[in-house]
Amino acid sequence: GDSACAAGMAETRLGMVVSADLAALADQTNVTITAFCAGSLKRATLMSETLLTLISRFSGTAIAVIGDVILDEYLIGRANRLSREAPIPVLEFEERRVIAGGAANPAANIVALGGKADMIGVVGADAEALTLRQVLEKKGIGWRGLTEDRTRSTTVKTRIMAQMGL
């Protein structure tokens, strides 16, 4: 059950946690977390003190994160007019931001909580892979476990965002 799942999470030192509403720690006595237990996703509610104790154990803990690494790209522009062909804004490019996405997102969370994260995954042999490695390095995430595959491209998820000026 959920209480067994919560106990399992305490025993594994958060090694199986998928997500947690850490912002709730400041406002609530209970926090719901999602984790893998017995091969499936489970939700459990832990007392904030228990979760804070578990988070304090994170310091220095090394965790390998295995999965699809993605370069999240944000193209940001200002919308100054609408298109004549369709009722959509036309953007004037202002800025490009890139962050580590996919499995690299929980790796960044591990580092933010004081742990040590090493990524294991596959990237292409391309400029995007180089950019992704630089982003991971800047975040303090180990990237030497990334394998280059010359037959594929590094996964890039591009979002186009408008700063509205209409």
Side-chain angles (χ1 to χ4, degrees), residues 14-28 30-36 41-45 48 51-52 54-55 58-59 61-166:
L14 291 175
M16 62 175 76
V17 172
V18 176
S19 67
D21 183 7
L22 299 179
L25 286 173
D27 303 325
Q28 300 176 8
N30 296 320
V31 177
T32 300
I33 61 175
T34 304
F36 280 109
L41 280 175
K42 305 275 184 175
R43 291 193 187 278
T45 301
S48 293
L51 191 54
L52 287 171
L54 292 173
I55 290 171
F58 239 100
S59 183
T61 301
I63 299 174
V65 180
I66 304 169
D68 294 329
V69 287
I70 298 172
L71 182 64
D72 280 340
E73 174 185 51
Y74 293 85
L75 301 177
I76 302 162
R78 181 154 309 278
N80 294 321
R81 65 182 180 90
L82 292 176
S83 170
R84 291 182 216 145
E85 292 83 21
I88 59 170
V90 175
L91 299 184
E92 181 179 331
F93 177 79
E94 291 184 337
E95 177 181 6
R96 177 180 182 252
R97 293 184 196 161
V98 290
I99 63 171
N105 183 282
N109 292 338
I110 289 165
V111 170
L113 290 171
K116 182 180 181 303
D118 289 300
M119 281 303 315
I120 299 173
V122 180
V123 296
D126 50 26
E128 289 78 11
L130 177 62
T131 301
L132 182 56
R133 285 186 188 97
Q134 291 169 343
V135 169
L136 293 172
E137 178 104 17
K138 189 174 182 180
K139 283 280 191 187
I141 300 168
W143 54 266
R144 302 230 189 291
L146 296 179
T147 301
E148 271 191 12
D149 180 350
R150 295 187 182 282
T151 66
R152 61 164 284 178
S153 299
T154 301
T155 304
V156 179
K157 183 176 182 180
T158 302
R159 295 171 184 88
I160 300 172
M161 303 181 69
Q163 296 183 22
M164 297 304 290
L166 296 176

Could you please spell out the steps behind the side chain to side chain contact (heavy atoms under 4.5 Å, CB included) verdict for I88 and E85?
CA-CA 8 Å; I88 59 170; E85 292 83 21; over 6 Å; no

Are more than 12 heavy atoms, taken from residues, nucleotides or ligands other than [X], located less than 6.0 Å from that residue's [atom1] atom?
X    : atom1 : value
E92  : CD    : no
L130 : CG    : yes
D68  : CG    : no
R152 : CZ    : yes

Quick check against the 3.5 Å criterion: does T154 have a side-chain atom that pairs as donor or acceptor with the backbone of G124?
yes

Which value, rounded to the nearest 0.5 Å, describes the distance between [X] atom [atom1] and [Y] atom [atom2]?
X    : Y    : atom1 : atom2 : result
I76  : R78  : CD1   : CZ    : 11.0 Å
L75  : R97  : CG    : CZ    : 11.0 Å
Y74  : I160 : OH    : CD1   : 13.0 Å
E94  : M161 : CD    : CE    : 12.5 Å
I110 : T61  : CD1   : OG1   : 9.5 Å
I66  : I120 : CD1   : CD1   : 4.5 Å

What residues form a salt bridge (charged side-chain N to carboxylate O under 4.0 Å, His left out) with R159, not counting sequence neighbours?
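Expected list: D72.
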
How far apart are the closest heavy atoms of [X] and [Y], and which atoms are they?
X    : Y    : value
L91  : A79  : CD2-CB, 3.7 Å
V69  : M119 : CG1-CE, 3.0 Å
A103 : V65  : O-CG1, 3.3 Å
V123 : L146 : CG1-CD1, 4.2 Å
L71  : V98  : CD1-CB, 3.9 Å

Write out all pairs satisfying salt bridge (Lys or Arg N to Asp or Glu O under 4.0 Å) with one or both partners inside residues 120-134, taking only residues at least two apart or from two chains.
R133-E148

Intermediate values then yes/no, side chain to side chain contact (heavy atoms under 4.5 Å, CB included), W143 and L132
CA-CA 9 Å; W143 54 266; L132 182 56; over 6 Å; no

Would V111 and K139 count as a side chain to side chain contact (heavy atoms under 4.5 Å, CB included) here? Give the steps.
CA-CA 8 Å; V111 170; K139 283 280 191 187; 5.8 Å; no

